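Report on the structure given below.
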Amino acid sequence: MNTNMPAEAGVTHAPDVTIGVPYLRCIGCDADVTAPTEDFACPACGDRLEVAYRPSGAPDPDALKTLWHARKLSAAPTDLSGVWRFREALPILPAASAPVTLREGNTPIYPLARCARSAGVDALLAKHQGMNPTGSFKDTGMTTALTMARVKGFQWVGCASTGNTSASMAAYAAHAGMRALVLIPEGKIAWGKLSQSMDYAASTCQLKTDFDGCVRVLGEVIRRFPLYLLNSVNPYRLEGQKTTAYEMMEQLAWETPDHVIVPGGNLGNSSALGKGFREMLALGLIRKLPRLSIIQARGANPLVRSMKEFSGERIEPVRAETRATAIRIGNPASWKKAVAVLRETGGACEDVSEEEIAAAKAEIGADGVGCEPASAVTLAGLKNLVRSGFVKRGESVVLVLTGHCLKDPEYTMDFHRDAAAADRALRKPPVLLDADPASVIDLLHRMEM
Ligand code: F0G
């Protein structure tokens, strides 16, 4: 049985209720781009592209909400996807083409009680994108972009990655029967992610460079070999990722939170979420935008510097260094889109230290939720934003946790085993005991003290 069959039977939609007819628009010169370069730049001015829509009727926001909700009862694969369930906001596929889906999206929102106390807010929520099929938010954009690769007839897809994009791409390519080329920086990749790429049978190359170097090499490769680029410069990636904002709002009964906080690496995700919120406002699905704040690691903070030193008008690449390897990125592709989101929503852009990231990750873990290091910058950033008064105690805050805690177990082990470090109270190293009940009971008594 083909499990990727179209899911139009049962719960369906009339074409005139979509948000419009898609086209690629240059964010620099506003051109309508029909023939982008292989790396999705505008052939006229070289700037990034986004998927835009020419309105083809005015969708009724309440009807959309009802339709999206009703699809949760459907058994069709396209309805079971937390991305394609919102397909009226995502009308990018030619009629009769079926999405490649692993039932991505549908991720939970958890309360973080302990973290709320330590950050100094009354309540704190986490939208956990690590609960996607390959353990990161990348799946929500991979389903859309990889489906476009198949629609366009490509056999090969490829990406440069710090590990999560490659894990996701490898899985979706394998599921679609396509071939995948992964370029990752040697050494600076978490084992969970590298092992996924191998498990999902991708051709994996570790290059003797960093992420930014991998991007440069792949840029040359795609000019000489027919390979569809699945990095987040591919605007169809961001179209899928924007649905996380839709899903979040549906989960919150369409009441916009005061703040949404995301990690910033290549800046695709912040751009995508901002686009989602902007569209929902225009469609009348929500009444206001949240402040969308972006947090970077201090050793990989080109956007923070751009905002502080150049008011977001230009960016200077940095040599990136952080143990949060997912966001070890010095030359972010989507910085202009991210600056637009910061300006439009009035969000903050801050960086946090390695110590702050490590402590925040352990605190999210101690709430029973857990995440990978890059995701923990959100809590570390929130603490600083509360301290500076940007976030008020009674305001509603959603952290976007981007990756699962099993992605980088080495980081977690190192933290908990480092007995000499600060934050002793957060550290829970395994205790070595004799194999007798008395030793264990003795330990329990000591723990109770
Ligand atoms: N969090 C995680 C877990 C990530 O893997 C990434 C990016 C980010 C945050 C930053 O998101 O790039 O959209 O600003 N990972 C990429 C990769 C670059 O190759 O997996 P961004």
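What you see is a predicted model, and the numbers here were worked out from it, not measured in a lab. Heavy atoms only: backbone and side chains are in, while hydrogens, waters and symmetry mates are out. For ligands, and for the atoms within them, numbers begin at 1 and follow the listed sequence.
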Closest approach of any protein heavy atom to atom 13 (O) of ligand 1, naming residue and atom: Asn269 N, 2.8 Å
Considering only the protein, which heavy-atom contact is closest to atom 6 (C) of ligand 1, and what is its distance? Phe137 CE2, 3.7 Å
Gly268-ligand 1 polar pair, N/O distance under 3.5 Å: yes
Report yes if some N/O of Ser166 lies less than 3.5 Å from some N/O of ligand 1; otherwise report no. no
Considering non-hydrogen atoms of the protein only, which is the closest contact for atom 1 (N) of ligand 1, and what is the distance? Thr402 OG1, 2.7 Å
Can you name the residues that form a salt bridge (Lys or Arg N to Asp or Glu O under 4.0 Å) with Arg54, not counting sequence neighbours? Asp32
Basic-acidic side-chain contact under 4.0 Å: Glu344, Lys337: no
Check side-chain contact (heavy atoms from CB on, under 4.5 Å) between Arg314 and all other residues, then give those that pass, not counting sequence neighbours. Phe310, Glu316
Nearest to atom 20 (O) of ligand 1, what protein heavy atom do you find, and at what distance? Thr165 N, 2.8 Å
What I'd like to find out is whether the side chain of Glu313 reaches to under 4.5 Å of the side chain of Met307, using heavy atoms alone. no
Are Asp351 and Asn301 close enough that a side-chain donor and a side-chain acceptor fall under 3.5 Å? yes
Looking only at distances, can you tell me whether any N or O atom of Ser161, backbone or side chain, sits closer than 3.5 Å to an N or O atom of ligand 1? yes
With only distance considered, is Ile329 within less than 3.5 Å of ligand 1 through an N or O on each side? no
For ligand 1, find out whether one of its N or O atoms is nearer than 3.5 Å to an N or O atom of Lys193. no
With Gln241 as reference, evaluate Thr144, Asn269, Thr140 under the side chain to side chain donor-acceptor pair (under 3.5 Å) test and give the passing residue. Asn269
Identify the protein heavy atom lying closest to atom 16 (C) of ligand 1, giving its residue, its atom name and the separation to 0.1 Å. Lys138 NZ, 2.9 Å
Any ion pair linking Asp79 and Arg87 (charged N to carboxylate O, less than 4.0 Å)? yes
Is any N or O atom of Phe211, backbone or side chain, closer than 3.5 Å to an N or O atom of ligand 1? no
Lys NZ or Arg CZ of Arg48 over Phe40 ring: under 6.0 Å, within 45°: no
In the protein, what heavy atom is nearest to atom 4 (C) of ligand 1, and what distance, to one decimal place, separates them? Ala326 CB, 3.5 Å
Does the side chain of Asp367 pick up a donor-acceptor pair with the side chain of Tyr110 at under 3.5 Å? no
Looking only at distances, can you tell me whether any N or O atom of Asn164, backbone or side chain, sits closer than 3.5 Å to an N or O atom of ligand 1? yes
For Lys242, is there an ion pair with Glu239 - N to carboxylate O distance below 4.0 angstrom? yes
Side chains of Gln129 and Lys138, heavy atoms from C-beta outward: is any pair under 4.5 Å? no
Give the atoms of ligand 1, by number and element, whose distance to some non-hydrogen atom of Ala374 is under 4.0 Å. 1 (N)
Heavy atom under 4.0 Å from ligand 1: found in Glu372's side chain, backbone, both, or neither? side chain
Numbered atoms and elements of ligand 1 in range of Asn266, under 4.0 angstrom, heavy atoms: 12 (O), 14 (O), 21 (P)
Indicate yes or no: does an N/O atom of Thr162 lie under 3.5 Å from an N/O atom of ligand 1? yes
When distances are taken from atom 8 (C) of ligand 1, the protein heavy atom at minimum range is Ile327 CG2, 3.6 Å
